[in-house]
Amino acid sequence: MLPYFYSLILVEMDYNFNEVESKWRKYWAENKTYATSNISDKPKCYVLDMFPYPSGAGLHVGHPLGYIASDIYARFKKLNGYNVLHPMGYDAFGLPAEQYAIQTGQHPKVTTDENLARYRDQLDQIGFSFDWDREIRTCEPKYYKWTQWIFGQLFNAWFNNDSQKSENIEKLIATFETEGNANVNAACEETPVFTAEDWKGKTEKEQSDILLNYRLAYLSDSMVNWCPKLGTVLANDEVINGLSERGSYPVERKLMLQWSLRISAYSERLLQGLEQIDWTDSLKEMQKNWIGKSTGCSVSFDIANSDKHLEVFTTRPDTIFGVSFMVVAPEHEYVAELTTADQKADIEQYITEAKNKTERERMADVKNVTGVFTGAYAKHPFTGKEIPIWIGDYVLAGYGTGAVMAVAAHDSRDYAFAKKFDLPILPVIEGGNIEEEAHEAKTGKLINSNFLDGLKVKQAMKTAIWKIETEGLGKGKTNYRLRDAVFGRQRYWGEPIPMYFDKGIPKLVDEAEYPLTLPEVDEYLPTEDGDPPLGRAKDWKPKNGDNYELSTMPGWAGSSWYYLRYMDPNNDGTFASRENTDYWNQVDLYIGGTEHATGHLLYSRFWCKVLHDLGHIGFDEPFKKLINQGMILGTSALAYRIEYAIKSTDATNRKEFIKAVENGPVLYLSYNHWLKYQAEELSATELLELIEKHSGDYVNGLRQNNLGLDIKSFSPIRVDVNKVHNNEMDISAIKNWMPEFNSAIFITENDQKFICGEEVEKMSKRWYNVVNPDDIVGVQGADVLRLYEMFLGPLEQAKPWSTKGIDGVSRFIRKFWNLFHDAEGNWNVSDAEASKDELKVLHTLIKKVQHDIENFSFNTSVSAFMVCVNDLQKLKCNKSAILKELAITLSPYAPFITEELWNKLGNNESVTTATFPKFEASYLIESNHTYPVSFNGKMRFTLDLPLDLSKDQIEEAVMNHEDSQKWLDGNTPKKVIIVPKKIVNIVV
RNA sequence: GCCCGGGUGGCGGAAUUGGUAGACGCGCUGGAUUCAAAAUCCAGUUCUUUCGAGAGUGCGGGUUCGAUUCCCGCCCCGGGUACCA
């Protein structure tokens, strides 16, 4: 034990992060160090994080990963003279708070505010440079006032296919009034043609219904994803494998009157826009797949003995002569008409079965091919041959026309259908193994195809479309998979949709009445009539109409435009002034998880384009560059519980004794013992000896009664990772953690350590593997947390959290501190001039860090800092000129310690006002370069040569080297390759 | 099935994009300091080796003076997506 005063001195000498961090946290808040001005001569840089939903569990170490990266970038940009917008806020409407409200009756606002306060506290500890004056919360009326306003903009807009832009609905109404809808080319529901006279003759209700077909926000009867358990509808991206994203409850298809947004109108622009933005390929690919563009053509097939036509969409018009049957979806509108009398019973039964299948069952049943013949025939448009028409549930009602021309030879699904029902398979492209499988490749020449014979597939496609178009059978066409987004939610905790109904006509709430605030309700459940919770609100009536819309907006409404509000967060006259949105413009860097690829990131782009088209903002892509941070996984700690029974070596009184000892202690085995036992390097006898050694009395007692342990198996038991450090368990902490470990016996390694096994899995409370950032900050300091999270690996890669190695970063911080202090802990910085070696070390670092930050390679620059500090330590460098620039360079990564040292270096202003040092190449130039010399690719020796030698001079110098003769071994070199500043290779 | 990523020591991961593979950190080994420990510092640490060297970046081939990097064919892991015609 150390004398008390001695340990005090030790503490004094070390960097006291607690004191320093709380000091600067306070200073930054009081001086508004990170407040950003909207007026500046400086170039702007907008660095944004995906704002969090404040859940009850608080932040875990995975959350700050992206925030730290963006903070480093923002601080770096600020040091480089940019006016940086780096805000934070909360996506505060959402299901968990409402579910909690249903259970407890506590208002979701209360829950949300509590969670939010904890989030703020956790974020503050990590030292982010957020401008908290710009904080936004999507659940606050002053914010959602403008979410409602944007909804109004969507309601009052339609998409003109000719201009490929949204336009004001007034313009469309004017057109209807002067010339009807015949010449209007809009993204809309199918609407019968009418003249100006017809339009004027229609009632208000009829006009309203027609306009709903055109509006970007519209009410319609549509098939929606209904989740009975959550009591609400969900958008397509909120349904994963037939289960709800939140809570994983079953989802079914249901026809409902619903608000939707016409995002499908923007399919092409959302696709094209991807070309102009700097996102990762994988993310762009996800959006491309989600939009799902496919080009081909529509073809109309006459139905035999009928005046109807069956229209299909195909991407393979080249295979038209291979059509051997047609399949329509069970929900297709012609099914009843097509069905012949003798097929009627079968068809009806099939349709009933298909209807009763849930989405999930249908998905699970993909391999099981089903279908029924309708009894009807279509006529081939070119050959006139009769083709049977079937129904089958592999054809989806919602895509294309809900009917396909089946080319069994060249489509695997059609092939499977044909095999199952013994339909003809007609190959029309040479090659492939038609006996075994469909020949889907788009290569080879056409055969058995009349005018297409001999053409290559690609030519045949063009020719077929041309022929189909000239014969009036169909048209070249593009289809998109992207569906309109269902916008209403039958829930309480969301923005009220600013609509009311007046004699059944939906009308927009007057702008002057925004925000339409969320009314209070007695319970957060649907009403007895099945209305959403808002139906419970008392005295909630519109001035002029009958009732308000009762559904609320989905979670993604508020997050679809929040990046705009940060630009002008307190503006009460508009969502954000044009002046501010023009200045801040696009988000220069957006960091967030990939899970929002088909939700938030698509909706935000959509809203941005609409606002742009309507003239409210000057750009039509919100996020110029986007980086996805990888998920941080948990590393669970395992202790191996020994499952044993008591065995007796003596039959006498066995029962009694067993009864007496049956509730023996729980035994846990340390990892290495367990490993050896599994590998049979540790015998059962040896294990028993080990157990005896650790449990002394217990095993002794057993033996005295002629009893022993019979080891059956091992169960890996998860223990709290926060009580395990570098795989070593703190046994006393675990014993206090949960009663079941209290009397347990831990069989340790030979060095008395108990080592845990590992299991990488998602961070979750139930695996006891959640690590909170505040725990790390409390023990190691915020700078260490920041540096360590960056050091963990590439930002974009998913990686398990592990505290292995955090000590290395902690050591680095201490070494860095010690550069400024002598052995006694006294300030020791000299004003002497820096040496050439010291300058070289510093400028190598500056160059590296600058390059790394610009390329988002934060992990490697932490390494560079470590190398630099080690080198300076070896040089015993304490020159202020070096240390000053080093502090600025490190400040984006470790703001607290650098702020403290910067201040101690005699600066009154925050380090954030400094200028990031420029590296000077002159310090890095070496007069000599060490050339590795290889013979036939094998490195043999190195040679120091001046940098300014010509190739010939280098060759001469190499050949004159004594070792060269040895490796040449009397041969003359065939070739000498010299890569300047890199390598010399001699081929013999 | 299809579309993206990825596979490098005991571990996390580097490699200026075709030029000395394994930076940096963890862990481990040895040493210094200490009455002792902690902390700190120094040295070593891909594997094999007869100490000359040889092999080596998932596997098999290819291009090249030279391949972790480029090409072809496989295997495995992660993510996305799915009867989308």
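Sequence lines set the chain letters: A, B, ... in the order given, protein chains first and strands last, and positions in each chain run from 1. Keep in mind that the numbers below use all heavy atoms, side chains included, and drop hydrogens, waters and symmetry copies.
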Just the table, please: protein N/O against nucleotides 64-68 of chain B N/O, every pair under 3.5 Å.
from: B:C65; atom 1: OP1; to: A:K975; atom 2: NZ; distance (Å): 3.0
from: B:C65; atom 1: O2'; to: A:N985; atom 2: ND2; distance (Å): 3.4
from: B:C65; atom 1: O2; to: A:N985; atom 2: ND2; distance (Å): 2.2

Side chain to side chain donor-acceptor pair (under 3.5 Å) pairs, two or more places apart, involving residues 404-413 of chain A: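 Of all non-adjacent pairs touching residues 404-413 of chain A, those that pass side chain to side chain donor-acceptor pair (under 3.5 Å) are A:D411-A:R413, A:S412-A:E440.
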Which pairs, with at least one residue in residues 311-329 of chain A and sequence neighbours excluded, count as a side chain to side chain donor-acceptor pair (under 3.5 Å)?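 Residue pairs with at least one partner in residues 311-329 of chain A: A:R316-A:D318.
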Side-chain (A:K799) to main-chain (A:I632) donor-acceptor, under 3.5 angstrom: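 A pair under 3.5 Å: no.
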Would you classify [X] as touching base, sugar-phosphate or nothing, given that sugar-phosphate means primed atoms plus P, OP1 and OP2, and contacts are heavy atoms under 4.0 Å?
| X | result |
| --- | --- |
| A:M939 | base |
| A:K293 | nothing |
| A:R483 | nothing |
| A:V979 | base |

Nearest-angstrom distance from the residue atom [atom1] of [X] to [atom2] of [N]:
| X | N | atom1 | atom2 | answer |
| --- | --- | --- | --- | --- |
| A:I813 | B:G25 | CD1 | P | 14 Å |
| A:F858 | B:A23 | CZ | P | 24 Å |
| A:W390 | B:A85 | CH2 | P | 23 Å |
| A:N855 | B:U17 | CG | P | 11 Å |
| A:N870 | B:A43 | CG | P | 11 Å |

Output the distance between atom CG (A:L886) and atom CG (A:L872), rounded to the nearest 0.5 Å.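 Result: 6.5 Å between the selected atoms.
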Rounding to an integer number of angstrom, what distance separates [N] and [M] when you compare their [atom1] atoms?
| N | M | atom1 | answer |
| --- | --- | --- | --- |
| B:C65 | B:C75 | P | 32 Å |
| B:A67 | B:G44 | P | 29 Å |
| B:G56 | B:U49 | C1' | 14 Å |
| B:G66 | B:C70 | C1' | 13 Å |

Could you tell me which non-hydrogen atom of A:F417 sits nearest to which non-hydrogen atom of A:I391, and how far apart they are?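 Closest pair (atom of A:F417, atom of A:I391, distance): CZ-O, 4.1 Å.
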Tell me every residue that passes ring pair (Phe, Tyr, Trp, His ring centres under 6.0 Å) with A:F858, counting only those two or more places apart in sequence or in another chain.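 Expected list: none.
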Can you list everything that forms a ring pair (Phe, Tyr, Trp, His ring centres under 6.0 Å) with A:Y788? Sequence neighbours excluded, please.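 Ring pair (Phe, Tyr, Trp, His ring centres under 6.0 Å) check on A:Y788 returns A:W801.
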Take A:D783 and A:Y893 through the test side-chain hydrogen bond (donor to acceptor under 3.5 Å, both in side chains) and record every step on the way to the result. CA-CA 7 Å; A:D783 289 330; A:Y893 291 80; over 6 Å; no
Please list all pairs meeting salt bridge (Lys or Arg N to Asp or Glu O under 4.0 Å) that have one or both residues in residues 285-295 of chain A, counting only residues at least two apart or in different chains.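 Every salt bridge (Lys or Arg N to Asp or Glu O under 4.0 Å) pair that includes a residue of residues 285-295 of chain A, provided the two are not neighbours, is A:E268-A:K293.
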Enumerate all atom pairs, one protein N or O and one N or O from nucleotides 2-5 of chain B, separated by less than 3.5 Å.
from: B:C3; atom 1: O2'; to: A:E285; atom 2: OE2; distance (Å): 3.3

Aromatic ring centroids of A:F820 and A:F816 under 6.0 Å?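 Yes, ring centres under 6.0 Å apart.
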Test of ring centre spacing under 6.0 Å for A:H309 and A:F301: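 No: the rings miss the under 6.0 Å criterion.
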N/O-N/O pairs, protein side and nucleotides 9-16 of chain B side, under 3.5 Å:
from: B:G12; atom 1: O2'; to: A:L792; atom 2: O; distance (Å): 2.8
from: B:G13; atom 1: OP1; to: A:Q797; atom 2: NE2; distance (Å): 2.6
from: B:A14; atom 1: OP1; to: A:N859; atom 2: ND2; distance (Å): 3.0

Return the 5'-most residue of the pair A:T930, A:F313 with respect to RNA chain B, ranking by each residue's nearest nucleotide.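 Checking each residue's closest nucleotide, the 5'-ward one belongs to A:T930.
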Hey, which sits more toward the 5' end of RNA chain B by its nearest nucleotide, A:T942 or A:M405?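 It is A:T942 whose nearest nucleotide is closer to the 5' end.
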Please tell me if A:R811 has a side-chain N or O lying less than 4.0 Å from either OP1 or OP2 of B:A39.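 It does not, given that no N or O in the side chain of A:R811 lies less than 4.0 Å from OP1 or OP2 of B:A39.
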Counting only side-chain N and O atoms of A:R940, is one of them less than 4.0 Å from OP1 or OP2 of B:U20?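 For B:U20, OP1/OP2 do not have a side-chain N/O of A:R940 under 4.0 Å.
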What pairs with A:S294 under side chain to side chain donor-acceptor pair (under 3.5 Å), at least two apart in sequence or on another chain?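 Here the qualifying residues are A:Y399.
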For A:D281, side chain to side chain contact (heavy atoms under 4.5 Å, CB included) partners two or more places apart: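 Applying side chain to side chain contact (heavy atoms under 4.5 Å, CB included) to A:D281 gives none.
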Please tabulate, one pair per line, all N/O donor-acceptor pairs under 3.5 Å involving side-chain atoms of residues 847-857 of chain A, not counting sequence neighbours.
from: A:K848; atom 1: NZ; to: A:D852; atom 2: OD1; distance (Å): 3.4
from: A:H851; atom 1: NE2; to: A:N855; atom 2: ND2; distance (Å): 3.4
from: A:D852; atom 1: OD1; to: A:T860; atom 2: OG1; distance (Å): 3.4
from: A:D852; atom 1: OD2; to: A:T860; atom 2: OG1; distance (Å): 3.1
from: A:D852; atom 1: OD2; to: A:S861; atom 2: N; distance (Å): 3.0
from: A:N855; atom 1: ND2; to: A:H851; atom 2: O; distance (Å): 2.7
from: A:S857; atom 1: OG; to: A:T860; atom 2: OG1; distance (Å): 2.7

Mind pulling the stems RNA chain B is in, i.e. runs of at least three Watson-Crick or G-U pairs, everything under 3.5 Å?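 RNA chain B forms these stems: B:1-7 with B:75-81, B:10-12 with B:24-26, B:27-32 with B:40-45, B:46-48 with B:53-55, B:58-62 with B:70-74.
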